Amino acid sequence: MAALFSLAASAQSNPIQFTDVTAAAGIKFVHFKGNEGTSINREEFGPGVCVADFDGDGWQDIYFVNGRDLYNRGISVHNALYRNNRDGTFTDVTDKAGVPGTGYGLGCVWGDYDNDGFPDLFVTQYGRNVLYHNNGDGTFTDVTDKAGVAGLEFGTLFHSGATFFDYDRDGKIDLYVGGYVALGPDSKRYCSLGGVRSSCPPQAYGGSPDILYHNNGDGTFTNVTKAAKIYQPEGKNLSVGAGDYDNDGWPDIFVANDGLYAYLYHNEHNGTFTEVGLPAGMAVAGQGQIMAAMCISLGDYDNDGWLDLYISDFQKSSDHLWHNSGKGYFDEVSGPAGITVPTREVLSFGGGFFDYDNDGWLDLFIANGHVYPEVEQVTPEIHYKQINTLFHNEGNGKFVETTRQAGIGAQKPYVGRGVAFADFDNDGFIDLVVGNNGDPPLLLHNSGNNGNHFINFKLVGVKSNRDAMGAKVRVVAGAISQIREIAGGGSYLSQSDLRANFGLGKATRAETVEVQWPSGQHQVFRNVEVDKFYLIEEGRQEIGQQQLRAPVHHEKH
């Protein structure tokens with residue numbers, strides 16, 4: 001399997017090791033932040049990275065978002081789409097695909113908005129956003145104007161996290177687009193950090209409205225932000241995640257704001273939402289402090305059937321883990337869970353829940369990096385480039401940091417931003433890719449091979465949206481019951497593999513696999529074999545196999 005990936009794998013089967021395979025995989029992308037001397041706020045917040053199987057061959061491809069030269073220096077850079085060659089390497093197909101981006105890029109999400117079987121690509125930018133329609137032949141068409149999703153109708157320039165999700169469950173995915181600070185052409189550019197010139201904090205600017213677009217089913221979208229009751233003109237959104245936290249069958253919206261209350265929009269089942277962040281207990285941290293909230297991640301870390309919440313925060317403030325009570329509110333458990341102390345001395349951005357060792361319990365990976373390059377001049381013990389963080393879920397409500405043991409601590413420090421989780425080599429163990437500000441990305445291969453089993457599902461909606469966003473999968477194997485909800489967006493400006501991967505530990509069968517579709521349809525499969533990639537089509541009683549094509553002879557890099 002995957003020559004370069006297997007070379008990178010540790011000879012030792014236990015513990016899991018992560019290895020940097022970026023260069024070996026042929027990824028030559030380098031993020032361009034675009035600063036001219038001292039960077040301004042906009043130049044410190046990218047990039048996102050998003051993953052999808054854009055060509056339908058069963059292997060996950062990667063899209064990297066890039067900045068732009070906005071100072072008329074004649075520097076030409078663009079975003080990059082890398083096709084998975086199925087042998088551990090990737091090929092840059094940006095030019096052929098026609099997806100370079102059209103402006104200063106920040107984040108991206110994939111979603112099949114027209115249900116034609118090919119994921120489309122939405123990129124958030126400073127200025128106009130861009131929507132690329134996937135033509136199904138390896139090329140894309142810019143349909144931003146036709147679709148009506150440029151994102152300028154409220155005057156928002158600084159677009160941030162976005163997600164596709166089907167909020168009204170009509171079988172067509174809708175689109176939420178966040179707005180960050182009101183940084184316009186005439187806005188303040190520089191501030192003082194301990195007497196040193198630097199970019200400005202979010203407090204130096206007003207906020208920007210978010211936008212909710214309803215999918216009309218004819219290739220166009222309608223701005224329904226005000227009609228849906230989520231218009232927040234002072235929001236400072238960074239990331240967004242959609243998920244059904246109260247198990248009522250309807251997706252809700254979690255929004256991380258920088259220096260403001262976090263938002264939780266509860267879906268009222270009638271096209272409107274109610275903002276319930278404060279009563280739900282997640283608008284502020286446990287002691288009532290406002291967060292510099294970057295990452296949103298939803299996952300059931302204690303396997304009790306309810307989605308829990310992780311939000312990353314600024315250096316010295318620590319990250320935050322909330323346990324879902326199942327009664328409509330969240331309890332912050334960061335301290336008892338072992339999150340507070342290890343995350344205090346880093347500035348955390350993207351990442352979130354994933355089961356890296358396939359033991360059936362969701363672990364945590366967080367990308368770290370500061371926002372002020374000048375911070376070391378003012379506070380020498382705080383570094384701009386930082387090492388990422390990995391936590392292992394002990395299965396008892398507690399997490400233990402395993403950054404060093406798993407090889408994450410051996411990586412170079414970077415200014416980490418977006419993170420996407422995906423099984424790039426289809427070996428059943430989740431790898432990850434990190435977008436780094438002003439540097440190459442990090443493609444980290446998971447060595448796997450620890451004897452734990454897995455089961456992987458690709459869901460295809462029929463009455464529901466084709467991506468099955470909002471579907472819940474429940475797997476019972478051994479003595480553990482786990483759930484995954486299929487969701488776009490999340491992390492920070494990024495998107496992960498939409499397939500649902502379950503680690504099963506030593507269990508050799510899944511007793512039951514249940515799928516609850518957004519349409520209301522419910523399917524159950526019994527006595528399912530492990531270590532396989534399955535395809536579940538809505539309404540089809542037989543479980544199928546994912547089609548994973550063989551490696552291709554690809555052009556030289």
Side-chain angles (χ1 to χ4, degrees), residues 1-31 47 49-53 57-64 80-94 350-351 354-358 363 365-368 385 387-390 402-436 439-450 454 491 494 496-497 499 501 548 550-557:
M1 187 78 191
L4 286 170
F5 276 129
S6 56
L7 279 175
S10 166
Q12 189 179 349
S13 64
N14 205 3
I16 295 288
Q17 292 292 302
F18 286 92
T19 311
D20 177 2
V21 295
T22 316
I27 292 174
K28 298 176 179 175
F29 174 81
V30 179
H31 177 256
V49 55
C50 56
V51 166
D53 176 13
D57 65 355
W59 301 74
Q60 299 295 307
D61 311 297
I62 311 174
Y63 189 76
F64 296 104
L81 175 61
Y82 277 85
R83 187 192 67 221
N84 190 330
N85 296 320
R86 317 171 204 155
D87 63 356
T89 70
F90 292 78
T91 297
D92 185 338
V93 295
T94 316
F354 79 127
D355 180 4
Y356 75 82
D357 59 350
N358 281 354
D363 311 300
F365 174 88
I366 304 294
N368 303 313
K385 294 187 176 185
I387 296 291
N388 301 322
T389 308
L390 183 69
T402 52
T403 305
R404 293 195 181 282
Q405 298 92 308
I408 299 295
Q411 311 302 330
K412 281 175 57 181
Y414 287 103
V415 181
R417 294 296 184 253
V419 175
F421 302 103
D423 181 2
F424 289 113
D425 56 349
N426 286 332
D427 67 350
F429 285 82
I430 301 298
D431 312 298
L432 51 92
V433 58
V434 184
N436 295 312
D439 263 319
L442 259 180
L443 179 61
L444 294 175
H445 177 251
N446 183 333
S447 65
N449 198 30
N450 66 354
F454 76 94
S491 182
S494 298
S496 298
D497 191 342
R499 297 179 298 179
N501 200 82
L548 307 177
V552 288
H553 294 291
H554 55 88
E555 52 267 49
K556 285 187 163 44
H557 300 288

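Remember, it's a predicted structure, so these values are computed and weren't measured experimentally.
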Exercise for review: Begin with the C-alpha distance, continue with both residues' side-chain angles, and end with the deciding distance and a verdict on side-chain contact (heavy atoms from CB on, under 4.5 Å) for Gln60 and Phe421.
Suggested key: CA-CA 10 Å; Gln60 299 295 307; Phe421 302 103; over 6 Å; no
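Tyr356 is linked by a ring-ring contact (aromatic ring centres under 6.0 Å, His included) to Phe18, His392, counting only residues two or more places apart in sequence or in another chain. Checked against side-chain contact (heavy atoms from CB on, under 4.5 Å), Ala420 has the following partners two or more places apart in sequence or in another chain: Val49, Val51, Val433, Ser496. Residues that satisfy the ring-ring contact (aromatic ring centres under 6.0 Å, His included) test with Phe29, not counting sequence neighbours, are Phe64. Every residue was checked against the salt bridge (Lys or Arg N to Asp or Glu O under 4.0 Å) condition with Asp423, not counting sequence neighbours, and none meets it. Under the salt bridge (Lys or Arg N to Asp or Glu O under 4.0 Å) criterion, Asp497 pairs with Arg499, sequence neighbours left out. The side-chain contact (heavy atoms from CB on, under 4.5 Å) test applied to Asp439 returns Lys385, Tyr414, Asn436, not counting sequence neighbours.
Using a distance-only test at 3.5 Å, with no hydrogens or angles considered, no donor-acceptor pair links the side chain of Ser447 to the main chain of Ile16. Looking only at distances, no side-chain donor or acceptor of Asn501 sits under 3.5 Å from a matching main-chain atom of Ile430. A donor-acceptor pair is defined here as one N or O able to donate and one able to accept, closer than 3.5 Å; such a pair exists between the side chain of Gln17 and the backbone of Gln405. Not a single donor-acceptor pair under 3.5 Å links the side chain of Ser494 to the backbone N or O of Cys50. No donor-acceptor pair under 3.5 Å is formed between the side chain of Thr89 and the backbone N or O of Gly26. Side chain of Arg86 to main chain of Ala550: a donor-acceptor pair is present (N/O by atom type, distance under 3.5 Å, no hydrogens or angles). Side-chain atoms of Asn388 do not come within 3.5 Å of backbone N or O of Gly416 as any donor-acceptor pair.
From Asp363, atom CG reaches atom CG of Asn358 across 9.5 Å, with rounding to the nearest 0.5 Å. Ile366 contributes atom CD1, which lies 7.5 Å from atom OG1 of Thr389 (distance to the nearest 0.5 angstrom).
Shortest non-hydrogen contact noted between Ile408 and Ile387 is O-CG2, 3.9 Å. Between Leu548 and Gly58, the shortest heavy-atom contact is CD2-O, 3.2 Å. Pairing each heavy atom of Asp357 with each of Asp355, the nearest pair is OD1-OD1, 3.0 Å. Across all non-hydrogen atoms, the minimal contact from Asp431 to Asn446 is OD1-N, 2.8 Å.
Exactly one of Ile62, Asp61, Val21, Leu432 qualifies for a side chain to side chain contact (heavy atoms under 4.5 Å, CB included) with Phe424. That residue is Ile62.
Looking at Asp92 and Thr94, their side chains do bring a donor and an acceptor atom within 3.5 Å of each other.
Between Phe354 and Phe365, the two ring planes are perpendicular [angle over 60°; tilted spans 30° to 60°].
Val30 has its side chain within reach of Pro440: a pair of non-hydrogen atoms, C-beta onward, lies under 4.5 Å apart. Proximity of Pro441 to Ile27: side-chain heavy atoms (C-beta onward) are separated by under 4.5 Å at one or more points. Within the 4.5 Å cutoff, the side chain of Leu444 has heavy atoms near those of the Gln411 side chain.
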